[in-house]
Amino acid sequence: MAGLLQALVAVSQKAAEVARLCRAEEPLFRLLVAEKTGPDRNARFLRDFKTLADVLIQELIKHDLGTQFPELRGHIHGEESSEFRDAEGGTVTVRVCDTPGDTVALLLAVLGPEQARAAELLAEAVHRGVTLGDTELDGIDPGVSPGDLGIWIDPIDSTNEFIGGREDVPTVDGVAPGGLRSALVLVGAFDRRSGVPVMGVINEPFFQRDPQTHRWQGRYHWGVARGDTRLCSLSPPPLRPRPRVVLSRAESPAVRGALGSLGGGPPLLAAGAGYKLLCVALGLADAFVLSPATTFAWDSCAPHAILRALGGGVVALEGSLRVLREGGEGEPPELLYHRPREGREGSERWANAGGLVAFVHPQNLRTVL
């Protein structure tokens, strides 16, 4: 697997650049924030530009990883369907073509001929090479073949915050309750046979503005957890005497109330599953608890691998509480990523059933449960 971690970081960097481009370039920004209902809605296609941005990022990751590692083809999965269907029943399948010109032509078939500049900007970014200056990544080889792995992609986690584009959201104890900071690119690798996440990259495209140029600067985090190997760009955060949790704003009052009694401070609220998982990895929160099944494999695979690399993990909340009720024998069940839920359709096949708890320190998991 030598080179695969570098490849995951590189595609996350290219994806982040496309995300920044969509907000920085006027032809793309105009499409991104345009109202998508009523007479201004794209009459040709039933999906809008924000979906195209998601799909294009997803497809560039599939293309680049599949080109470099042919063994991964057919095993790279994402949130979005790549088909755009028009009102007459015709379809255009979005993909990265062999040349920038071909990619422009395909994008024009979705955007329409009046959006030539937007299509050119996107195609240029998709076909542009990425050079990594991160020497720490050189030579990291956890000892598994790409042919044994699958990939989950969330091209733009927290899409609504990405579209809204709020930059002035003040942090609460280091955690951004919403805004562009919570829009992330997530790329995770899992073992095809066991479903265990083994490698993950979280990219923050909108980490901060450059004070001189005022352009957005990003950063990324990575982790490897395979066998006895635990490698990570982050260091494990210190164990605090009383844990503090981060929750979704939609979490139930009962759960909020129960976890507010932990003593580490009132629950922090944030947008985006990926961002809340990142907050745990960074030590801004000690656990992320989500009671409903509203996250999916693409949301949690990459952060889960990083948390495992730090000594923690992501477990199914309902299953873990069952273990506790039955006397605490056995380990809380970790989330797995290789099998869809039986009897479900569409995205629900890959929902993280029964909620989840993310943690770095097992002591915090026990306290939360």
Side-chain angles (χ1 to χ4, degrees), residues 152 188 190-191 193-198 225 230 236-270 273-274 276-281 283-301 303-345 347-369:
W152 276 110
F190 63 93
D191 186 290
R193 283 186 283 273
S194 67
V196 173
V198 298
R230 295 290 187 273
L239 176 64
R240 286 184 279 232
R242 293 182 178 85
R244 190 176 191 183
V245 298
V246 62
L247 303 174
S248 165
R249 289 191 291 264
E251 188 55 80
S252 71
V255 172
R256 286 198 201 193
L259 294 174
S261 67
L262 290 173
L268 297 157
L269 303 179
K276 290 188 279 288
L277 289 160
L278 175 61
C279 286
V280 177
L284 299 173
D286 302 296
F288 165 37
V289 180
L290 184 70
S291 61
T294 52
T295 64
F296 300 85
W298 49 81
D299 295 311
S300 56
C301 183
H304 190 170
I306 292 175
L307 289 168
R308 291 186 72 238
L310 291 170
V314 184
V315 300
L317 173 59
E318 191 175 283
S320 298
L321 291 174
R322 189 180 306 116
V323 169
L324 192 65
R325 286 194 297 267
E326 294 172 354
E329 296 297 326
E331 293 295 319
E334 286 217 54
L335 300 187
L336 301 175
Y337 296 93
H338 62 321
R339 289 187 184 140
R341 297 169 68 193
E342 294 184 3
R344 303 299 177 117
E345 297 181 354
S347 62
E348 288 301 315
R349 298 168 66 237
W350 297 105
N352 294 321
L356 59 82
V357 183
F359 63 98
V360 170
H361 297 289
Q363 297 96 314
N364 287 333
L365 172 63
R366 288 194 292 271
T367 302
V368 165
L369 291 175

Atom CG in D299, atom CH2 in W152: separation rounded to 0.5 Å? 10.0 Å
Under the salt bridge (Lys or Arg N to Asp or Glu O under 4.0 Å) test, residues paired with R366 that sit two or more places apart: none
Approximate separation, where rounding is to 0.5 Å, of L247 CG and L259 CG: 6.0 Å
Quick one: are W298 and S347 in side-chain contact, heavy atoms under 4.5 Å? yes
Looking only at heavy atoms, what is the nearest atom pair of A273 and F288, with distance? O-CE2, 4.1 Å
Going by the side chain to side chain donor-acceptor pair (under 3.5 Å) test, which pairs reach into residues 350-360, not counting sequence neighbours? T295-N352, S300-N352
Between A293 and A351, which heavy-atom pair has the shortest distance, and what is it? O-CB, 4.1 Å
With sequence neighbours left out, write down each residue that passes side chain to side chain donor-acceptor pair (under 3.5 Å) with R193, or none if nothing qualifies. D148
Which atoms form the tightest heavy-atom contact between R308 and V198, and what is the distance? NH1-CA, 4.5 Å
I'd like to know whether R349 forms a side-chain contact (heavy atoms from CB on, under 4.5 Å) with E342, so could you lay out the CA-CA distance, the side-chain angles of the two residues, the decisive distance to 0.1 Å, and finally the verdict. CA-CA 7 Å; R349 298 168 66 237; E342 294 184 3; over 6 Å; no
Does the ring center of H304 lie less than 6.0 Å from the ring center of Y337? yes
Are L365 and P332 side-chain neighbours, meaning at least one heavy-atom pair lies under 4.5 Å? yes
Taking side chain to side chain contact (heavy atoms under 4.5 Å, CB included) as the test, write out the residues that go with A305, two or more places apart. P197
Using the ring-ring contact (aromatic ring centres under 6.0 Å, His included) criterion, which residues pair with F359? Sequence neighbours excluded. none
Could you list all the side chain to side chain donor-acceptor pair (under 3.5 Å) pairs where at least one residue sits in residues 247-268, not counting sequence neighbours? E251-S291
side-chain contact (heavy atoms from CB on, under 4.5 Å) between V246 and L284, intermediate numbers included: CA-CA 9 Å; V246 62; L284 299 173; over 6 Å; no
Here the pair of heavy atoms bringing L310 nearest to V360 is O-CG1, 3.7 Å
Solution key, residues 236-245 side-chain donor-acceptor pairs under 3.5 Å, sequence neighbours excluded:
unit_1, atom_1, unit_2, atom_2, d
R240, NE, D286, OD1, 3.2
R240, NE, D286, OD2, 3.2
R240, NH2, G283, O, 3.2
R240, NH2, D286, OD1, 3.1
R240, NH2, D286, OD2, 3.2
R244, NE, P266, O, 2.7
R244, NH1, D173, OD2, 2.3
R244, NH2, D173, OD2, 3.4
R244, NH2, P266, O, 3.1

So which atom in A358 and which in L277 form the shortest heavy-atom distance, rounded to 0.1 Å? CB-CD2, 3.3 Å
Is atom CD of Q363 surrounded by more than 12 heavy atoms (other residues, nucleotides or ligands) closer than 6.0 Å? yes
List, one per line, each side-chain donor-acceptor pair under 3.5 Å for residues 315-324, sequence neighbours excluded.
unit_1, atom_1, unit_2, atom_2, d
S320, OG, A316, O, 2.7

